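Here's the structure we're looking at; comments come further down.
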Amino acid sequence: MMKEWATVISWNNGIALLRCEPQAGCGSCHARSGCGSHLLNELGPETDHQLQIAILQPLEPGQKVEVGISEGSLLRSASLVYLTPLVGLIGGGALFQTLFITDTFTALGAFMGASVGFLLAKKLASKIESQSEYQPTVLQIGLPPTAIRIQQE
């Protein structure tokens, strides 16, 4: 199970809007200044991912929720997104190479095959996105931010 902590943005009628901050690399190394992964992460855009999930328990903004998704469904989704256009690219190029024997038509066939593969992946992804095994599940719900009080002496 792939697990990630998310922050509640809003909760309304059993639907929570969550923000997941991407965690690249291990994050536990003290040699960040010389780490290639850390440097690459600094170059890329800092994007937060938002998702909606059904949670019956009322939540407050800022509250932490641990969500998870099974590795199998994650791998199947990644295979669908990446391999389907790749198979189309190779298949279309090979078919046009066999039929027309010129590089121009081979490139055209590869482009057409990749386009068909992309459209097929998009259509299949829209069919499986509503299945429960492809949806994240709530594993833990943290305390609301207002529940913790710090007393200073």
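Every heavy atom of this structure was used, including side-chain atoms; hydrogens, water molecules and symmetry mates were not. Quick caveat: nothing in here was measured; it's all calculated off a predicted structure.
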How far does [atom1] of [X] sit from [atom2] of [Y], to the nearest 0.5 angstrom?
X: Thr7; Y: Gln50; atom1: OG1; atom2: CD; result: 11.0 Å
X: Ser70; Y: Leu75; atom1: OG; atom2: CG; result: 8.5 Å
X: Ser77; Y: Glu133; atom1: OG; atom2: CD; result: 9.0 Å
X: Thr137; Y: Glu66; atom1: OG1; atom2: CD; result: 9.5 Å
X: Glu4; Y: Leu18; atom1: CD; atom2: CG; result: 11.5 Å
X: Gln63; Y: Leu143; atom1: CD; atom2: CG; result: 7.5 Å

Next item on the list: Begin from the C-alpha positions of Gln57 and Trp11 and carry the test side-chain contact (heavy atoms from CB on, under 4.5 Å) through to its verdict.
Entry: CA-CA 9 Å; Gln57 179 179 342; Trp11 181 87; over 6 Å; no
Next item on the list: Treating Ile, Leu, Val, Met, Phe, Trp and Tyr as nodes and any side-chain heavy-atom pair under 4.5 angstrom as an edge, say whether Leu89 and Met112 lie in one connected cluster.
Entry: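 They do not share one cluster, since no chain of ILVMFWY contacts under 4.5 Å joins Leu89 to Met112.
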Check: Would Val87 end up clustered with Ile90 when hydrophobic side chains under 4.5 Å apart are linked, directly or stepwise?
Finding: no
Notebook entry, point to check: Would you find more than 12 non-hydrogen atoms of other residues, nucleotides or ligands less than 6.0 Å from Tyr134 atom OH?
Noted result: yes
Note to self: For the OH atom on Tyr82, are there more than 12 heavy atoms of other groups (residues, nucleotides or ligands in this structure) within a distance under 6.0 Å?
What the structure shows: no
Notebook entry, point to check: How far apart are the C-alpha atoms of Ile55 and Val8, what are their side-chain angles, what is the distance that settles it, and do they pass the side-chain contact (heavy atoms from CB on, under 4.5 Å) test?
Noted result: CA-CA 11 Å; Ile55 302 175; Val8 176; over 6 Å; no
